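Report on one structure; see the data block that follows.
What you see is a predicted model, and the numbers here were worked out from it, not measured in a lab. FYI, side chains are in, hydrogens and waters are out, and symmetry mates aren't considered; it's all heavy atoms of this structure.
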Amino acid sequence: MKKGDFVWIAALLVWVLILIVPSSRALFISVTDAHPYAGGFIKFAILASMGDMLGIRVIKGEWIAPKGLMYKALVWGIIGLMVTLVFTVFMGGAAAAQASGKLPFNGSILAQAFFGSSIMNVTFGPMMMVFHRFTDMYIDSKCDNKEAKVTMRELIEKNDWNSLVEFSWLKTCPFFWIPAHTIVFLLPSHYRVIVSAFLSIALGLLLAFAKKGES
């Protein structure tokens, strides 16, 4: 193991300890409840960025900071804001649809979690992936040439639509994110966003292994 491995693991353990130690867990819950958007931003900005770095470690065999790391962390933070809102929207929407007879198994928390996760990951999920992919490409382009004008047409032509549709949409959404978020939605609400942020680390590994398989 390299020095960077220990630093990364230590950073992850800090988050785990926050959730395990009773006093820090109580503080975490109170702060999350009082400031949900700020909490969502910080959790994703840090943990999802750690997932990006781990993915690069798997592919390259060494710790290399992604291009425009701070800008990409900002994008992850924005995604954290989105997730904080849509978790409530889709869970509440699934419950309302069940109560009105538009979805079955009214009163079943498991069914509500599954419906909320499924609807979220076939509607919001793909668009969030496009947003993340295109902002990543924009940041990479500006880091390579700060003076260059990056157009939407250029990004659309540059994007690997095959990997986005075949891997991200048709594989990770049904086989990873729907079951994963079903479990997340069964958790108390103040844990949902941070557990989802932890899952982005797992996704970083999945993406890294997929890229290694293609190379």
Side-chain angles (χ1 to χ4, degrees), residues 37 40-56 58-59 66-91 93-94 115-145 148-182 184-185 192-215:
Y37 285 115
F41 183 96
I42 293 170
K43 294 165 198 172
F44 265 78
I46 296 175
L47 289 169
S49 295
M50 288 175 63
D52 283 346
M53 296 183 71
L54 182 61
I56 294 174
V58 171
I59 295 171
K67 296 178 183 177
L69 175 60
M70 297 307 296
Y71 294 108
K72 290 181 178 180
L74 175 62
V75 171
W76 274 122
I78 293 171
I79 291 174
L81 296 176
M82 298 178 191
V83 169
T84 300
L85 175 61
V86 300
F87 274 12
T88 302
V89 169
F90 283 101
M91 274 296 280
F115 290 139
S117 175
S118 298
I119 297 168
M120 182 180 75
N121 281 292
V122 297
T123 54
F124 167 77
M127 290 309 301
M128 185 275 290
M129 291 174 185
V130 170
F131 169 76
H132 184 232
R133 175 75 68 91
F134 275 63
T135 51
D136 254 16
M137 289 192 299
Y138 178 84
I139 292 168
D140 287 343
S141 296
K142 295 300 286 186
C143 286
D144 290 337
N145 185 355
K149 180 181 179 181
V150 183
T151 65
M152 182 59 69
R153 179 182 293 274
E154 177 186 341
L155 295 178
I156 290 172
E157 293 175 351
K158 182 180 180 181
N159 182 48
D160 183 352
W161 289 99
N162 183 66
S163 71
L164 180 64
V165 174
E166 184 178 3
F167 180 76
S168 298
W169 291 0
L170 299 182
K171 291 182 179 178
T172 65
C173 277
F175 300 115
F176 179 76
W177 285 118
I178 288 178
H181 281 133
T182 298
V184 168
F185 285 158
R192 291 173 186 167
V193 174
I194 192 169
V195 173
S196 185
F198 273 112
L199 286 173
S200 67
I201 295 177
L203 181 62
L205 276 177
L206 285 175
L207 291 169
F209 285 124
K211 289 180 181 177
K212 287 194 76 172
E214 293 170 357
S215 59

Using a 3.5 Å cut-off and no angle test, enumerate the donor-acceptor pairs between side-chain atoms of residues 67-75 and protein atoms at least two apart in sequence or in another chain.
residue	atom	partner	partner atom	Å
Lys67	NZ	Asp144	OD1	2.8
Lys67	NZ	Asp144	OD2	3.3
Lys72	NZ	Lys67	O	3.4
Lys72	NZ	Asp140	OD1	2.8

Contacts under 3.5 angstrom, residues 119-128 side chains, donor-acceptor by atom type, not counting sequence neighbours:
residue	atom	partner	partner atom	Å
Asn121	ND2	Ser117	O	2.8
Asn121	ND2	Ser117	OG	3.4
Asn121	ND2	His181	ND1	3.3
Thr123	OG1	Ile119	O	2.5

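Between Ile79 and Val83, some side-chain heavy-atom pair lies under the 4.5 Å cut-off. Looking only at side-chain heavy atoms (C-beta outward), Phe44 and Val193 come within less than 4.5 Å of each other. By the 4.5 Å heavy-atom criterion applied to side chains, His132 and Ser200 are not counted as neighbours. No side-chain heavy atom of Phe41 sits less than 4.5 Å from a side-chain heavy atom of Thr84. Leu199 has its side chain within reach of Trp177: a pair of non-hydrogen atoms, C-beta onward, lies under 4.5 Å apart.
Atom CG in Asn162 sits 12.0 Å away from atom CZ in Phe167 (nearest 0.5 Å). Between Asn159 atom CG and Met137 atom CE the span is 4.0 Å, to the nearest 0.5 Å. Distance CZ/Arg192 to CD1/Ile194: 14.5 Å, rounded to 0.5 Å. From Tyr138, atom OH reaches atom CG of Leu155 across 9.0 Å, with rounding to the nearest 0.5 Å. Of the inter-residue distances, the one linking Asp52 atom CG with Ile56 atom CD1 reads 6.5 Å to the nearest 0.5 angstrom.
Pairing each heavy atom of Phe115 with each of Ala94, the nearest pair is CB-CB, 4.1 Å. Scanning all heavy atoms of the two residues, the minimum distance from Arg133 to Asp160 falls at NH1-O, 3.3 Å. The shortest non-hydrogen separation linking Trp169 to Pro174 is O-CD, 3.3 Å. Smallest separation of non-hydrogen atoms from Leu47 and Ile201: O-CG1, 3.4 Å. The two residues Val150 and Ser141 have their closest heavy-atom pair at CG2-CB, 3.7 Å.
Ring geometry for Phe87 against Phe185 counts as perpendicular: the plane angle is over 60°, on a 0 to 90° scale with 30° as the lower cut.
Applying the side-chain hydrogen bond (donor to acceptor under 3.5 Å, both in side chains) rule to Ser168 yields no partners; only residues at least two apart in sequence or on another chain are considered.
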